[in-house]
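Everything below concerns the one structure shown next.
Sequence positions, counted from 1, serve as the residue numbers for this chain.
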Amino acid sequence: MKRYLLLLAASCFLATGCGPKAFVKGDYDDVSKENNLNDQWSETDMQKVVQDLVASLVQSPAVAQAKKPPIVMVTNLQNKTDEHIDTQSIMDMVSVELQRGGRVAFVDKEAREDVAKEYEYQNSGMVNGETKKGPGGQIGADYIINGRLDSIVQEAGSHKSVYYKLTLKLTNLKTNVSAWSDYKQLRKKYKKQSVGL
């Protein structure tokens, strides 16, 4: 009997690959293809909501009717979901997509500390006086873009629904008046299935 059990265990290992598993080989995939591998926020979700919101923003009067590209600063995106989501990545995509169209110009909030350090270096005597830069020449932003990401998760039996809403706002820095606001909604549906060996 003992010998039979050992043979059975060995057969199981050889035939079905029992034991630890690891992802050892991968292939590049097209990032434009939909990715719903699990019920978490994905790059597909980010691409869908950013594309629609950027299209809405560039059609708003604050941008579409501006005589010259408004100067914008992207600030914070609040994550009100229960997931750990890289909100900086979302706002980076917003910035890049807006810049690609050439309808908006940006001041970089994230670069301020680096710029200040570079001013110090350039004014330390190490840089030619005709080419050095310093404080006082920067352009102030006309607007800030910020927003919020919300989610609602519902489960009933073997069914699960995950809803996301990304809201973005464009606020006039001089007046603090909201010049544009819009949101994009997504709902993803899942069904729980038994996973066998």
Side-chain angles (χ1 to χ4, degrees), residues 23 26 28-64 66 69-118 138-155 159-190:
F23 294 105
Y28 287 106
D29 196 11
D30 183 355
V31 295
S32 64
K33 287 183 181 177
E34 289 197 1
N35 176 14
N36 272 320
L37 196 59
N38 60 33
D39 60 355
Q40 303 292 305
W41 176 264
S42 72
E43 74 276 9
T44 300
D45 301 330
M46 181 166 65
Q47 291 162 1
K48 283 179 179 290
V49 297
V50 167
Q51 184 179 37
D52 285 359
L53 287 172
V54 166
S56 171
L57 175 54
V58 297
Q59 292 171 10
S60 70
V63 176
I71 310 297
V72 174
M73 180 171 64
V74 172
T75 59
N76 298 320
L77 178 67
Q78 297 180 65
N79 179 11
K80 294 296 184 178
T81 74
D82 291 330
E83 298 177 46
H84 175 72
I85 295 173
D86 184 357
T87 56
Q88 183 63 50
S89 181
I90 297 172
M91 296 307 264
D92 285 347
M93 185 175 277
V94 169
S95 298
V96 171
E97 291 299 321
L98 282 169
Q99 285 181 338
R100 281 180 175 169
R103 304 289 295 275
V104 173
F106 283 87
V107 291
D108 190 350
K109 180 183 176 185
E110 300 300 317
R112 283 178 171 170
E113 188 176 333
D114 292 336
V115 169
K117 287 179 181 177
E118 184 61 19
Q138 294 187 31
I139 296 175
D142 301 312
Y143 299 94
I144 61 169
I145 297 176
N146 61 5
R148 173 173 163 152
L149 180 62
D150 298 282
S151 72
I152 299 172
V153 178
Q154 295 179 305
E155 291 188 55
H159 295 273
K160 182 174 185 178
S161 170
V162 183
Y163 164 87
Y164 294 106
K165 182 180 74 169
L166 177 62
T167 305
L168 292 181
K169 298 177 182 179
L170 182 74
T171 303
N172 186 306
L173 270 174
K174 185 176 181 180
T175 63
N176 197 34
V177 171
S178 177
W180 167 87
S181 182
D182 202 352
Y183 61 82
K184 171 68 177 176
Q185 303 173 90
L186 294 176
R187 181 183 290 119
K188 303 194 291 185
K189 296 163 76 174
Y190 298 88

*asked:* Quick check: closest heavy atoms across Leu168 and Val94, and the distance to 0.1 Å?
replied: CD1-CG2, 4.0 Å
*Does the side chain of Thr87 reach to within under 4.5 Å of the side chain of Asn76, using non-hydrogen atoms?*
no
_Distance check, rounded to the nearest 0.5 Å: Asn146 atom CG versus Leu77 atom CG?_
8.5 Å
*Do Asp82 and Val153 come close enough that some side-chain heavy atom pair is under 4.5 Å?*
no
*Mark yes or no for whether Ser95, through its side chain, and Met91, through its backbone, hold a donor-acceptor pair below 3.5 Å.*
yes
*asked:* For a 4.5 angstrom cut-off between non-hydrogen side-chain atoms, does Gln185 reach Tyr163?
replied: yes
_Residues in side chain to side chain donor-acceptor pair (under 3.5 Å) contact with Asp108, at least two apart in sequence or another chain_ = none
*Set of side chain to side chain donor-acceptor pair (under 3.5 Å) partners for Gln88, sequence neighbours left out*: Asp92
*Quick one: CG on Leu57 to CD1 on Ile145, what's the gap to the nearest 0.5 Å?*
5.5 Å
*Taking atom CD1 of Ile90 and atom CG of Leu149, what is their separation to the nearest 0.5 Å?*
5.5 Å
Extract all donor-acceptor atom pairs below 3.5 Å that involve side chains of residues 97-107 and protein atoms in other chains or at least two apart in sequence.
residue	atom	partner	partner atom	Å
Glu97	OE2	Arg100	NH1	2.9

*Hey, are the side chains of Asn172 and Thr175 touching, using non-hydrogen atoms and a 4.5 Å cut-off?*
yes
*Taking atom OH of Tyr143 and atom OG of Ser60, what is their separation to the nearest 0.5 Å?*
8.0 Å
*asked:* I'd like to know if Asp45 pairs up with Lys188 as an ion pair, taking the criterion as any Lys NZ or Arg NE/NH1/NH2 lying under 4.0 Å from an Asp or Glu carboxylate oxygen.
replied: yes
*Under the salt bridge (charged side-chain N to carboxylate O under 4.0 Å, His left out) test, which residues partner Lys80, sequence neighbours left out?*
none
*With sequence neighbours excluded, tell me which residues meet side chain to side chain contact (heavy atoms under 4.5 Å, CB included) with Glu83.*
Gln40, Trp41, Thr81, Ile85, Tyr164
*Which salt bridge (Lys or Arg N to Asp or Glu O under 4.0 Å) pairs, counting each pair once, include a residue from residues 47-62, with sequence neighbours left out?*
Glu34-Lys48, Asp52-Lys184
*Check whether any side-chain N or O of Asp142 sits under 3.5 Å from a backbone N or O of Ile71 as a donor-acceptor pair, and report yes or no.*
yes
